[in-house]
Peer 1: 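Have a look at this one before I ask anything.
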Amino acid sequence: MNKPLKFSSRTHKLLWCSDFHLGHTPTWSPAPFETRGFKSIGEHDEWVKDQWFKHVDDSTIVFQLGDTTFKDPKGEMFRQLTQWPGTVYHVWGNHRSGATQIYHEGVGNLLSDWGCGRSGAGLPLPTIYPVTVGNTTFVGDSLHAWIDGLSVFMTHYAWYIWPEMGNDGGAVCGHSHSSCAELNPDGKTQGRVLDVGIDNAIKTNGTAFFTWDEVKRILNAKGKVVKDHHNGSVAGQ
C-alpha cells in the first residue's frame, strides 16, 4: 500500500488473525492442528470456519497476516474464504499456496478492467497492490494503519523497528506460532509488538482472533521500547 489507512473502532469491529494453516497435514508430529488441541485437520478447519462465522459479519474488518491455507494449488480453499463475511486485508505470509493463485486471478481481472488485457503467454503478471477478490484485498508484505489515532504496523514476520515506534506505535505479526516469548502477550523486552497468530489467540481468549480491544490493551501493557534515535513522531515529516 502507498500510504497508511485509517480505521475507527466506532464504525467497524476489528479483528486480527494469522497462521490458520488450513489443510496442513505435515509428515512430522505434532502438526499445527495437534498443538492446537484438534485430532484431525478436518476438525481443525471446521472449527476455524465456525469461528469465522461466529465472530465475523459484513461490518467486520479482518486483518489476515498470512499463512492462511497450505498446499492449495488451485486456490480452492482460499477462494472459499473470499466468499465468507467481512472485509479482509491480506498480508503475505511465507506459505502462499492458494493465496497466490487467487491474487493472480485478481491481477488478471484488474488488467482486463483497465483494458490492458492479460500479460503475454509465458510472461509473469505484474505486481499490483491493492488487488481485491471477493471480500479480500491483497496489500503486499505489510500494512500500516492508524486505528483510533494509534499507529499499527502489520506484517507476517516480526520487524525489529516499525513506524512510529518512538511515539507509542505498535506492531502486530504472525509466523512464530507463539514460540517467540518476546512476541507473546506477556513478553515485554521488544516493546509494543504482538504475535496475533491463531496459536496465541487460542491461548489468550479461546478463539481464532484477537480483537482491537485486546490488541490495544496488550500493546499498551508492553510499554514503549525505543531502539534507535527516533524517540517521537516522524509522521508526515
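Keep in mind it's a predicted model, so treat the numbers as computed, not measured.
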Peer 1: Would you say the side-chain atoms of Lys13 pair up with the backbone N or O of Val56, donor to acceptor, closer than 3.5 Å?
Peer 2: no
Peer 1: Do Asn109 and Val131 touch side chain to side chain, with heavy atoms closer than 4.5 Å?
Peer 2: no
Peer 1: For Ser179, which residues count as a side-chain hydrogen bond (donor to acceptor under 3.5 Å, both in side chains) partner, sequence neighbours excluded?
Peer 2: none
Peer 1: Which residues satisfy the side-chain hydrogen bond (donor to acceptor under 3.5 Å, both in side chains) test with Ser151, sequence neighbours excluded?
Peer 2: His144
Peer 1: Only counting residues at least two apart or in another chain, list the ones meeting salt bridge (charged side-chain N to carboxylate O under 4.0 Å, His left out) with Asp148.
Peer 2: none
Peer 1: Should Val62 and Leu81 be regarded as members of a common hydrophobic cluster, given that ILVMFWY residues are connected when their side-chain heavy atoms come within less than 4.5 Å of each other, either directly or indirectly?
Peer 2: yes
Peer 1: Give, for atom NE2 of His44 and atom CZ of Phe33, the distance between the pair rounded to the nearest 0.5 Å.
Peer 2: 9.0 Å
Peer 1: For Phe78, which residues count as a ring pair (Phe, Tyr, Trp, His ring centres under 6.0 Å) partner, sequence neighbours excluded?
Peer 2: His90, Phe138
Peer 1: Are Ile198 and Gln51 packed together at the side-chain level, in the sense that at least one heavy-atom pair is separated by less than 4.5 angstrom?
Peer 2: no
Peer 1: Less than 4.5 Å apart, any side-chain heavy atom of Tyr157 and any of Cys173?
Peer 2: no
Peer 1: Tell me if the aromatic rings of Phe63 and Trp16 count as close, with their centers under 6.0 Å from one another.
Peer 2: yes
Peer 1: Just to verify, what does Asn135 make a side-chain hydrogen bond (donor to acceptor under 3.5 Å, both in side chains) with, not counting sequence neighbours?
Peer 2: none
Peer 1: Can you find a heavy atom in the side chain of Phe70 that is under 4.5 Å from one in the side chain of Met77?
Peer 2: no
Peer 1: Report yes if the side chains of Pro126 and Leu111 come closer than 4.5 Å at any heavy-atom pair, otherwise no.
Peer 2: yes
Peer 1: Rounded to the nearest 0.5 Å, what separation is found between the OG1 atom of Thr25 and the CD atom of Glu34?
Peer 2: 10.5 Å
Peer 1: Would Phe210 and Met154 show up in the same hydrophobic cluster when neighbours are defined by side-chain heavy atoms closer than 4.5 Å?
Peer 2: yes
Peer 1: State which residues pass ring pair (Phe, Tyr, Trp, His ring centres under 6.0 Å) with Trp52; sequence neighbours excluded, sorted by chain then number.
Peer 2: Trp84, Phe209
Peer 1: Kindly state whether the ring of His177 and the ring of His21 have centres lying under 6.0 angstrom apart.
Peer 2: yes
Peer 1: Show the nearest heavy-atom pair for residues Cys17 and Ala208, with the distance to one decimal.
Peer 2: CB-O, 3.7 Å
Peer 1: Does the side chain of Val139 reach to within under 4.5 Å of the side chain of Val91, using non-hydrogen atoms?
Peer 2: yes
Peer 1: In the hydrophobic cluster built from side-chain contacts under 4.5 Å, what are the other members alongside Met165?
Peer 2: Phe153, Trp159, Tyr160, Ile161, Trp162, Leu183, Val193
Peer 1: With sequence neighbours excluded, what pairs up with Ser176 under the side-chain hydrogen bond (donor to acceptor under 3.5 Å, both in side chains) test?
Peer 2: none
Peer 1: Just jot down the ring pair (Phe, Tyr, Trp, His ring centres under 6.0 Å) partners of His156, sequence neighbours excluded, or say none.
Peer 2: His175
Peer 1: Please assess Leu110 against Ile128 for the test side-chain contact (heavy atoms from CB on, under 4.5 Å), listing each intermediate value before the final yes or no.
Peer 2: CA-CA 9 Å; Leu110 190 59; Ile128 302 170; 3.9 Å; yes
Peer 1: Output the distance between atom CG (Asp141) and atom CG (Leu65), rounded to the nearest 0.5 Å.
Peer 2: 12.0 Å
Peer 1: Can Val152 and Trp212 be said to form a side-chain contact (heavy atoms from CB on, under 4.5 Å), step by step?
Peer 2: CA-CA 11 Å; Val152 181; Trp212 170 233; 4.0 Å; yes
Peer 1: I would like to know whether Asn205 and Thr207 meet side-chain hydrogen bond (donor to acceptor under 3.5 Å, both in side chains); could you show each step before the answer?
Peer 2: CA-CA 6 Å; Asn205 57 37; Thr207 77; 2.7 Å; yes
Peer 1: What about Leu15 and Ile218, same hydrophobic cluster or not, with Ile/Leu/Val/Met/Phe/Trp/Tyr joined at side-chain heavy-atom distances under 4.5 Å?
Peer 2: no
Peer 1: Linking I/L/V/M/F/W/Y whenever any side-chain heavy atoms sit under 4.5 Å apart, do Phe53 and Ile202 land together?
Peer 2: yes
Peer 1: If I take atom CD1 from residue Ile102 and atom OG1 from residue Thr136, how far apart are they, to the nearest 0.5 angstrom?
Peer 2: 9.0 Å
Peer 1: What's the separation between atom CG in Asn200 and atom OG1 in Thr204, rounded to the nearest 0.5 Å?
Peer 2: 5.5 Å
Peer 1: Please walk me through it: do Lys6 and Ile147 pass side-chain contact (heavy atoms from CB on, under 4.5 Å)?
Peer 2: CA-CA 6 Å; Lys6 291 184 178 181; Ile147 304 173; over 6 Å; no
Peer 1: Tell me whether Gln101 contacts the main-chain N or O of Gly98 through its side chain, where contact means a donor paired with an acceptor under 3.5 Å.
Peer 2: yes
Peer 1: For residues 66-85, pull every pair meeting salt bridge (Lys or Arg N to Asp or Glu O under 4.0 Å), keeping only residues two or more places apart or in separate chains.
Peer 2: Arg79-Glu105
Peer 1: Over 60° means perpendicular and under 30° means parallel, so tell me whether Tyr129 and Tyr103 are parallel, tilted or perpendicular.
Peer 2: parallel
Peer 1: Considering only heavy atoms from C-beta outward, does the side chain of Thr69 approach that of Phe20 to under 4.5 Å?
Peer 2: no
Peer 1: Give the minimum heavy-atom separation between Thr137 and Pro130, together with the two atoms involved.
Peer 2: CG2-CB, 3.6 Å
Peer 1: Quick check against the 3.5 Å criterion: does Asn184 have a side-chain atom that pairs as donor or acceptor with the backbone of Gly187?
Peer 2: no
Peer 1: Check step by step if side-chain contact (heavy atoms from CB on, under 4.5 Å) holds for Thr211 and Leu14.
Peer 2: CA-CA 6 Å; Thr211 68; Leu14 306 174; over 6 Å; no
Peer 1: Which atom names give the shortest non-hydrogen contact between Lys222 and Pro185, and what distance separates them?
Peer 2: CE-O, 4.0 Å
Peer 1: Linking I/L/V/M/F/W/Y whenever any side-chain heavy atoms sit under 4.5 Å apart, do Val133 and Leu22 land together?
Peer 2: no
Peer 1: Kindly state each residue pair satisfying salt bridge (Lys or Arg N to Asp or Glu O under 4.0 Å) with at least one member in residues 171-198, sequence neighbours excluded.
Peer 2: Asp168-Arg192
Peer 1: For residues Pro32 and Pro26, determine if any side-chain heavy atom of one lies less than 4.5 Å from a side-chain heavy atom of the other.
Peer 2: yes
Peer 1: With Asp199, which residues qualify under salt bridge (charged side-chain N to carboxylate O under 4.0 Å, His left out), at least two apart?
Peer 2: Arg36
Peer 1: Would you compute the distance between atom CG of Asp57 and atom OG1 of Thr87 and round it to the nearest 0.5 angstrom?
Peer 2: 10.0 Å
